Amino acid sequence: MPVVQKPDISAHKDLFLYRLRHSASHIMAQAVVELFPDVKLGIGPPIEDGFYYDFDTPHTFTPDDLARIEEKMRNIIAEDAAFVREEKSREEAVRLLQDRNERYKLEILSDIPADEPVTFYTSGRFTDLCEGPHVEHTGEVRHFKLLKVSGAYWRGVETNPMLQRIYGTAFETEEELRAYLRRVEEAEKRDHRKLGAELGLFGFFEEAGAGLAFYYPKGATLLRQLEEWMYGEHLRRGYEPLRTPHMLKTDFWKLSGHLDHYRDAMFFIKDMEGGSADAPIPGISYGVKPMNCPGHVLVYRSQTRSYRDLPIRYFEFGTVYRDERGGTMRGLLRVRGFTQDDAHIFCTPEQYEEEVSACLDFCFHTLDTFGFDYYVGLKTRPDDKLGSDEIWDMAEGGLEKVLKDRGVPFFYGHKDATFYGPKVDFIVRDSLGRDWQGSTVQLDFNLPERFGMEYVDAHGEARRPVMIHRAILGSFERFIGLLVEEFNGAFPLWLAPVQVRVLPLTDELNDYAAGVRGQLQEAGFRVELDDRSEKLGKKIRDGTVQKIPYLVVIGKREAESGKVAVRSYFDGDLGAMELSQLSARMKDEVERKLARRKD
RNA sequence: GCCCACAUAGCUCAGUUGGUUAGAGCGCGUCCUUGGUAAGGACGAGGUCACCGGUUCAAAUCCGGUUGUGGGCUCCA
């Protein structure tokens, strides 16, 4: 199972590249200070692919400024000043920073633990409060580039002032820098938003609303394949299907805790009596579901449950709507309406470890089917939470134990859980290196309490079940987005919207080719016929650009011999073969869920 | 939600300092062509320059707002 370690940049402090980028950030800050003397400095760390520095200034940085700053940086680098580390007393440090009116740096200073030294680094005319380490001289920073400027809250806190962040990157050699920039360019080509449009998979409409995806026929076909596969995977594992409504009374969302803890992300529907989205009237207004769990709880509670019934595993491809804040949406990876492959498992306290473990297996199996790399995180209680710390201790401990028992490498995401329980998340990276949560397994002792759920144990006593929330793909939308990028639009045959396209060489062969298409359809494949009066080269090109797995050429030779000339997206020209041979090859590929990548 | 940028034909983009009938390639339609593994040719139809308001004799172009998009921040499947 390709679980990979989450990269931890601060673990590489002594690596030359880390120091190089840290130093580049420093040099950039010096350049900015010299060009814009009134800036106040925030923080400027190295990051995975480069570095940034945050500045507070009334001036708004433009792309032209970036060029000027780069120029200035080159001058500083040419001076080849040494980076000099200097420890200072706190009093001295405060005085120095106060003199320069560096309010953000003062804040950082006051947060440095008393037993740690306060260090400054000076290179030439520029001195900065900094932990280091740096390279020896500014002259070592040769191959760098400033990339973009954006806003960033001071310390990442929304209520703090917004600073301007300049991003850049630096490498040891010019070749590495160029290779990196090329890599980014390549990655942009596999952006699912771009490929989604080019391959006719999905789209968004300004008139419909942000974050509301429309699947076009090819996208809907792909979606359908995923759904059918996942449906079967659930049945096989002892899950039972459910179908629950898209909206429930606001009162019920109050009971579930969503009204108090999740309200900002919910859409409310105006009722007949004049309530509104802003002022839902308890008892008579409705909330569109942002989660499926409360609905599943109702089904659980619809009859008396015995310990003999447990575990009960309900699943639903449930479409939910969340009022994500404007500016957070990103193609299919972050939308307002999405369908989760959601399930809720109700079990006894004795059963949940095994159930969680089975869920993890389900996740591994699913992600491994596509060959994704992913890392696993344990997310713990947030500040705004439901229930007591004792309950959270139990739930967090439970998940941690399963992960450790199984030897799954994982990291901790502190305060990152949802309001009702801790969770194990599976994180997949998109083509541009951004992390997205896919699978999630959440252990919940709170909602069973809140909803007064029970089962009857062997002694006839009423007991509280444990609830596990889990999604394997996460959501179909996000998963498809990641899938597009992972495969660069060239999907495994079993998922490909069009599996094979028939290309008659001339118009005279259109009827015969239509017959071939019919036979392939009969054999259960998704087929298209390209009967335009275009030359073969053109049809091959169009089919290849559309990343169709198999192209079947029908010329006079084929029509006479009853064979087909096959061209594979991955293997090129395969020559002539019987239709039955092609059919067998494709069937095998579908059954094995073969997942190839071109590069 | 916040900072910055952007919005011209179905798609990718031109459109000089505000000044006649807003252009190109791809795609689409008609016709010609019937060509053996990555783009055959001709003609043609497509645009209230995202939307609303303002400045001006005159706005795709300047200003304000709205919606949407992109890059980040924050937040989250």
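Naming: A, B, ... by sequence-line order, numbering from 1 per chain. None of these values were measured; they are calculated from a predicted model.
The minimum heavy-atom distance between R68(A) and L35(A), with the atom names listed, is NH2-CD2, 3.7 Å.
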Nucleotide N/O to protein N/O under 3.5 Å, stretch nucleotides 4-11 of chain B:
none

Nucleotide N/O of nucleotides 64-66 of chain B paired with protein N/O under 3.5 Å:
none

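A59(B) and U8(B) have their C1' atoms separated by 14 Å, given to the nearest Å. Nucleotides U55(B) and U61(B) are separated by 14 Å at their C1' atoms, to the nearest Å. With P as the reference atom, G71(B) and U12(B) are 14 Å apart, rounded to whole Å. One P atom belongs to G40(B), the other to A45(B), and the distance between them is 24 Å to the nearest Å.
Judged by the 6.0 Å distance and 45° axis criteria, K598(A) is positioned over the aromatic ring of Y569(A).
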*Assign a letter to each nucleotide of nucleotides 27-36 of chain B from its 5' end: B, base within under 4.0 Å of a protein heavy atom; S, sugar-phosphate only; -, no contact.*
S-----BBBB
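Per the stacking criterion (ring centres < 5.5 Å, plane angle < 30°), F338(A) stacks onto the base of A77(B).
Regarding contacts with the backbone of U69(B), every side-chain N or O of R193(A) stays at 4.0 angstrom or more from both OP1 and OP2. Applying the 4.0 Å criterion to OP1 and OP2 of C76(B), one finds that K379(A) has every side-chain N and O outside that range. For the pair R330(A) and G71(B), the criterion of a side-chain N or O lying under 4.0 Å from OP1 or OP2 is met. Between Y167(A) and C73(B), a side-chain N or O to OP1/OP2 separation shorter than 4.0 Å is present. Within the 4.0 Å cut-off from OP1 or OP2 of G71(B), at least one side-chain nitrogen or oxygen of R434(A) is found. For A77(B), the OP1/OP2 oxygens have a side-chain nitrogen or oxygen of Q437(A) closer than 4.0 Å.
For F426(A), the ring pair (Phe, Tyr, Trp, His ring centres under 6.0 Å) partners two or more places apart in sequence, or in a different chain, are F364(A), Y374(A).
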*Any chance you could lay out the ring-ring contact (aromatic ring centres under 6.0 Å, His included) test for F214(A) and F202(A), step after step, and finish with the verdict?*
CA-CA 5 Å; F214(A) 287 70; F202(A) 59 86; over 10 Å; no
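Residue-level contact check: R478(A) touches the bases, meaning some heavy atom is under 4.0 Å from a base atom.
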*Can you run through RNA chain B from 5' to 3' and write each base as (, ), [, ], | or . depending on how it pairs? Watson-Crick or G-U wobble, both distances under 3.5 Å.*
(((((((..((((.....[...)))).(((((.......))))).....(((((..]....))))))))))))....
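Contact annotation: side chain of R155(A) to base of C73(B), donor-acceptor pair absent below 3.5 Å.
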Enumerate donor-acceptor pairs with a distance under 3.5 Å from any side-chain N or O in residues 215-222 of chain A to protein atoms, sequence neighbours excluded.
from: Y215(A); atom 1: OH; to: E477(A); atom 2: OE2; distance (Å): 3.2
from: K218(A); atom 1: NZ; to: E528(A); atom 2: OE2; distance (Å): 3.2
from: T221(A); atom 1: OG1; to: P217(A); atom 2: O; distance (Å): 2.7

